[in-house]
Amino acid sequence: MTENLTPTQREEQAYIAALEEELASFLDYQRKVLTGISPDSLPLLDAIAELSTGGKRLRALLAYWGWRGAGGASILSEEKPLEIIRAGVALELFQSSALIHDDIIDRSDTRRGNPSVHKRFENTHESKKWQGDTFNYGLTGGILAGDLTLAWCEQMFSSIGQGALYGTEARRIFDVMRTEVLAGQYLDVYSEVIGIEDADTALARAKNVIRFKSARYSCEHPLTLGGALALGERGHREHSLLDSYRAFGLPLGEGFQMRDDELGVFGQPETTGKPAGDDLREGKRTVLVALTLQRTDEAGRALLESALGDADLSDERVEEIRELMKSSGALKELEHMIMLKSMEVDSALRYLEIPSEYRMALHKVASRALHRKH
């Protein structure tokens, strides 16, 4: 009940509601555009809308509290701050685009317990008994849906107006974020195909992929984006508050992704919405995998290497890999690394020169990100 919520919880709830309303309005507009092109194109929108609805809204919330910490107006103001609402929607659309393409690259059939977007198109082709190649139709539909969502995220961000113009710090962050994620995605794929490396090189490569594919865009960039929008003309790359946001956001993003990598092997399907051990079947060269290679013997490395990328990997083999990760000490080391990132986050938070209520709000967002089960 709302009367039991703290002021910051009420703000958070109101912001999410405003974001959902703006997203729904934007998708309604796009439905009219696509209907004008052809009603046959509407499955693209339906797939995007289903994926973009709900979720943790981590990136949007970080943007909002970054905005508030830098002096931006409250969502509870008489005139709602449209800038940060639209920035949050743009971030969430970019997230959807990245997920659609990520599932294609990883050949993942599910997302949040439902068919992934490309699988959704594939299933439609199969159920309708259409002509041509079912797999290729699904792949094509997924690629186009991901590209369309990427285009829409730019459209939404541009609608902010003055704050999103070329030359502003917010625009620089938004543009760099998208470039980093796509480059990081390529580096992730590259790491899967280059073959066996020495353990230290593999670990360094996995950490680099984490930073640019996920950590900065999940936490650092949304936080600094919100701050830059609130600062306006006062905002610049070396602004002390934005530097403090980066010191908080980067370790938070790295810890968040390490937790995600752990859940990719040890998470429960009923909470993660993914089959057990899916990251192993997809051949992901995560920090957890690199730590296991670093700490196990030759037989253990051979077992792990044979499992990575095996699409038909059985649950029994997945359990063998889990035991290897535990017995080698790799899982314990990953937990230690996440703890160290959490300590970095807490330390950076203490030095953030923002009102205490916004510091507490960021602490709660960080806690949910680092200690989640799905």
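Excluded from the calculations below are hydrogen atoms, water molecules and symmetry mates; all remaining heavy atoms, backbone and side chain alike, are included.
Looking at every heavy atom in both residues, Leu352 comes nearest to Ser244 through CD2-CB, 3.4 Å. Across all non-hydrogen atoms, the minimal contact from Thr53 to Arg112 is O-NH1, 4.4 Å.
A donor and an acceptor atom, one from each side chain of Trp65 and Glu12, are located under 3.5 Å apart. The closest side-chain donor-acceptor pair between Ser240 and Asp243, if any, does not fall under 3.5 angstrom. Using modelled atom types and a 3.5 Å distance limit, the side chains of Glu169 and His239 yield no donor-acceptor pair. Counting only N and O atoms by type, the side chains of Arg317 and Ser306 include a donor and acceptor under 3.5 Å apart. A donor and an acceptor atom, one from each side chain of Tyr166 and Arg171, are nowhere located under 3.5 Å apart.
Under a 3.5 Å cut-off, the side chain of Ser52 and the backbone N or O of Ile48 do form a donor-acceptor pair. Of the possible donor and acceptor atoms, one in the side chain of Thr168 sits under 3.5 Å from a partner among the backbone N and O of Gly163. Proximity of a side-chain donor or acceptor of Arg211 to a complementary backbone N or O of Arg216 within less than 3.5 Å is not detected.
Cluster annotation: Leu44 is connected to Met156 through the hydrophobic network of ILVMFWY side chains, with a link wherever side-chain heavy atoms come within less than 4.5 Å.
Under the 4.0 Å criterion applied to side-chain N and carboxylate O atoms, Asp200 and Arg205 are not assigned as salt-bridge partners. With salt bridges taken as basic N to acidic carboxylate O contacts below 4.0 Å, none links Asp175 and Arg172. Under a 4.0 Å N-O distance rule, the pair Arg59/Glu92 does not qualify as a salt bridge.
Looking at Gln185 and Phe212, their side chains never come closer than 4.5 Å, going by heavy atoms from C-beta outward. Proximity of His101 to Asp147: side-chain heavy atoms (C-beta onward) are separated by under 4.5 Å at one or more points.
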Handout entry: Verdict with supporting geometry, Gln30 and Gln155, side chain to side chain donor-acceptor pair (under 3.5 Å)
Key = CA-CA 11 Å; Gln30 297 299 347; Gln155 183 178 344; 3.2 Å; yes

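Taking the six-membered ring for Trp, Phe94 and Tyr217 have ring centres closer than 6.0 Å.
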